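Heads up, the thing below is written out as structure tokens.
Just so it is clear, the model here is predicted, and its values are computed rather than measured. Naming convention: chains lettered A, B, ... in sequence-line order (proteins, then strands); numbering from 1 in each chain.
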Protein chains: 2
Amino acid sequence: MKKTSNVDRLIEKTRGMAINFELKPGSRINETALSRELGASRTPLREALNRLVAEGFLTFQTGKGFFCRALDPKRIMDLYEARVAIEVEAIRLACTRATDAELTVFGAYLNATEPDYLNKMDVSDAVHGDEDFHLYIARLSHNDELLRMLENLNGRIRFVRSVNLKSIHDTERSLRAQTRLSAHRRILEALLTRDGDVAADIMRGHIERRWEEATEAVQKAYAQIYVPDEMQKEMT
Amino acid sequence: MKKTSNVDRLIEKTRGMAINFELKPGSRINETALSRELGASRTPLREALNRLVAEGFLTFQTGKGFFCRALDPKRIMDLYEARVAIEVEAIRLACTRATDAELTVFGAYLNATEPDYLNKMDVSDAVHGDEDFHLYIARLSHNDELLRMLENLNGRIRFVRSVNLKSIHDTERSLRAQTRLSAHRRILEALLTRDGDVAADIMRGHIERRWEEATEAVQKAYAQIYVPDEMQKEMT
DNA sequence: GCATTCAGGATTGTATACAGTTCTAAATTC
DNA sequence: GAATTTAGAACTGTATACAATCCTGAATGC
């Protein structure tokens with residue numbers, strides 16, 4: 001039984017709101033209002049907000065308060081590039097450090113999750129499944145810091161991935177799942193050869209191939225936010 | 001005039017205490033005692049502690065409180081590897097993105113700081129000087145996230161670098177300063193050729209060459225902490 | 001003697017009050 | 001009418017009180 005604190009709940013909730021643009025990018029967060037809405041007092045909420053600042057979801061200015069951070073295309077690109085930095089080095093390390101036993105288990109994991117991967121139509125599950133694969137490799141690097149950084153990056157990119165996946169049709173989606181799956185298999189093979197340079201190249205390509213998708217997704221997300229705004233203006 | 005909040009002050013202070021092992025690794029932090037010591041109440045202190053958790057200096061367990069994180073050799077290695085991940089990718093990006101004008105300014109910066117670099121005997125200044133060089137390159141990558149991550153890593157490694165520098169004699173120290181300076185010049189040259197792969201290799205080598213120094217420094221740091229402990233025991 | 005229970009103290013978790021600052025908008029001046 | 005000033009409302013920053021939880025060690029039973 002995992003003990004989850006109230007603050008953790010507030011973090012989840014607020015992160016969710018930031019991700020789903022219930023808090024608009026750049027807007028100031030009203031602590032009193034938000035605390036009331038989430039059913040807690042300001043003290044624990046502020047703790048939650050502080051941690052979200054550190055995670056990169058919010059910003060903070062003394063005397064002004066907390067602001068929802070904008071997720072513009074430039075930042076998305078930055079985040080994807082940061083992922084490349086982390087994951088390329090992680091797989092390089094994994095090539096020399098992962099034990100044969102670990103790679104065997106990793107292979108089994110890949111086989112076991114394959115059916116889920118292809119049939120899974122729930123977008124959130126699919127995104128988490130993909131994240132898990134990449135986190136697994138980070139873990140094989142035996143470097144806790146790289147893992148930590150990747151977890152953070154995932155948390156911030158997750159929304160973009162979701163928007164992207166949601167925006168495409170089922171047939172196209174299962175097609176892409178298949179493509180990605182075979183890419184994952186190639187990555188496993190590269191790991192097995194233990195050639196760090198080759199593995200690094202493959203990983204780099206795999207992540208970079210998702211950039212345009214991602215920035216495209218952001219455009220859509222922005223449309224989601226700002227169209228309602230325009231409508232508001234027209235109503236005034 | 002920069003407005004610096006009370007919480008910021010508490011962060012600085014507490015980080016300093018964690019870094020200098022005034023808070024022992026693994027030990028629980030007594031909020032009441034620490035808040036009294038730092039002249040503030042628990043509320044802002046807890047905000048500060050929360051941010052330090054996010055920075056990686058402390059850990060937190062629900063119901064238990066905040067703990068000073070251990071800085072063992074394994075973690076130092078992890079941090080240096082993470083630096084490699086970030087900085088290698090940063091310089092790769094800098095090779096394609098830095099404008100000629102930027103590189104000219106960078107060269108001028110290198111010339112301007114050279115005299116300081118060699119004459120500077122204050123350890124803290126020397127460490128910051130070296131950090132600045134690396135941050136500069138991260139900035140040339142035009143990627144805010146990589147910069148952010150490197151800043152964080154620097155903050156956590158800084159202490160190790162200081163211990164290391166302090167532990168060597170002046171003549172040896174100025175010798176190393178010279179070595180490092182020429183390494184920095186080579187990095188600039190690599191940037192000017194705009195060959196990402198070459199630049200990446202040079203950067204990797206430059207950072208990796210400091211690992212053993214670093215872990216050695218940690219050993220010394222640990223001696224610093226635990227010898228007094230032993231003495232305490234003997235006094236009991 | 002060893003494990004277990006339980007009370008008391010210590011410490012963390014949260015709410016709330018109030019002080020200090022910033023923002024807003026109406027009033028004033030040119 | 002535009003710019004400036006200035007209350008006052010709204011909000012953030014911090015202290016403190018109290019509730020909830022955890023930890024310690026002595027008492028109890030086996």
Side-chain angles (χ1 to χ4, degrees), chain A residues 1-18 22-70 229 232-233 236, chain B residues 1-18 22-55 57-70 232-233 236:
Chain A
M1 180 172 112
K2 193 178 139 203
K3 159 150 274 180
T4 170
S5 78
N6 192 12
V7 171
D8 287 338
R9 185 181 63 83
L10 293 177
I11 292 177
E12 293 287 324
K13 276 273 194 186
T14 311
R15 190 196 288 124
M17 291 178 75
E22 289 166 43
L23 304 169
K24 294 227 168 64
S27 71
R28 177 188 191 153
I29 291 175
N30 186 323
E31 295 174 13
T32 312
L34 187 57
S35 71
R36 196 187 311 280
E37 189 177 340
L38 298 180
S41 85
R42 278 179 57 218
T43 311
L45 176 63
R46 279 179 68 100
E47 291 207 12
L49 295 178
N50 267 300
R51 293 208 213 165
L52 288 173
V53 168
E55 283 184 26
F57 283 101
L58 308 178
T59 60
F60 173 79
Q61 278 180 281
T62 307
K64 306 278 186 68
F66 296 88
F67 296 80
C68 190
R69 204 169 177 193
D229 238 43
Q232 271 183 359
K233 260 185 209 154
T236 319
Chain B
M1 180 172 109
K2 191 178 137 201
K3 159 150 272 180
T4 171
S5 79
N6 192 12
V7 171
D8 287 338
R9 186 182 63 84
L10 294 176
I11 291 178
E12 293 288 324
K13 277 272 193 187
T14 311
R15 190 196 287 125
M17 291 177 76
E22 289 166 44
L23 303 170
K24 295 228 168 60
S27 72
R28 176 185 190 157
I29 292 174
N30 186 323
E31 296 173 11
T32 312
L34 187 58
S35 71
R36 196 188 310 279
E37 189 178 340
L38 298 181
S41 85
R42 278 179 57 218
T43 311
L45 176 64
R46 279 180 68 100
E47 291 207 12
L49 295 178
N50 267 300
R51 293 208 214 166
L52 288 172
V53 168
E55 281 184 28
F57 283 100
L58 308 178
T59 61
F60 174 78
Q61 278 180 280
T62 307
K64 307 278 187 67
F66 296 88
F67 296 81
C68 188
R69 204 168 177 194
Q232 271 184 357
K233 262 184 208 155
T236 319

Presence of R46(A) side-chain N/O under 4.0 Å of dG13(D) phosphate oxygens OP1/OP2
yes

Roughly how far, to the nearest 0.5 Å, is the CG atom of L58(B) from the CZ atom of R51(B)?
13.5 Å

Touch class at under 4.0 angstrom, heavy-atom based, for I29(A) against every strand present
sugar-phosphate

If you look at every heavy atom in R9(A) and G39(A), which pair is closest and at what distance?
NH2-O, 3.9 Å

Within this structure, what is the CD-to-C1' distance between Q61(B) and dG13(C), rounded to whole angstrom?
15 Å

State whether T43(B) places a side-chain N or O below 4.0 Å from either non-bridging phosphate oxygen (OP1 or OP2) of dT14(D).
no

Please classify the nucleic acid contact of F60(A) as base, sugar-phosphate, or nothing, using heavy-atom distances under 4.0 Å.
sugar-phosphate

So, is N6(B) close to the dG13(D) phosphate, meaning a side-chain N or O under 4.0 Å from OP1 or OP2?
no

Is there a donor and acceptor pair closer than 3.5 Å between the side chain of T32(A) and the base of dT12(D)?
no

Atom CG of N30(B) and atom C1' of dT21(D): how far apart are they, to the nearest Å?
15 Å

Rounded distance in Å - CG (L38(B)) to C1' (dA15(D))
16 Å

Distance in angstrom units between F66(A) CZ and dT22(C) C1', rounded
16 Å

How long is the line joining CG of L10(B) and P of dG13(D), in whole Å?
13 Å

Note, T14(B) side chain near L45(B) side chain (heavy atom, < 4.5 Å)
yes

What is the distance from CG of N50(B) to P of dT14(D), rounded to the nearest Å?
14 Å

Tell me, do L49(B) and E31(B) make a side-chain contact under 4.5 Å, heavy atoms counted?
yes

Here the distance between atom P of dT12(D) and atom CD of E47(B), to the nearest Å, is 12 Å

Which listed nucleotide (dT14(D), dA15(C), dG13(C)) is nearest to the side chain of T62(B)?
dG13(C)

Minimum-distance nucleotide (side-chain atoms of S41(A) versus dA15(C), dT16(D), dT11(C))
dA15(C)

Tell me: CD of E31(A) to C1' of dC23(C), nearest whole Å?
15 Å

Hey, are the side chains of L34(B) and M17(B) touching, using non-hydrogen atoms and a 4.5 Å cut-off?
yes

Phosphate OP1/OP2 of dC22(D) contacted by R28(B) side-chain N/O (<4.0 Å):
no

Side chain of K64(A), heavy atoms from C-beta onward: which of dA15(D), dC23(C), dT12(D) has the nearest atom to it?
dC23(C)

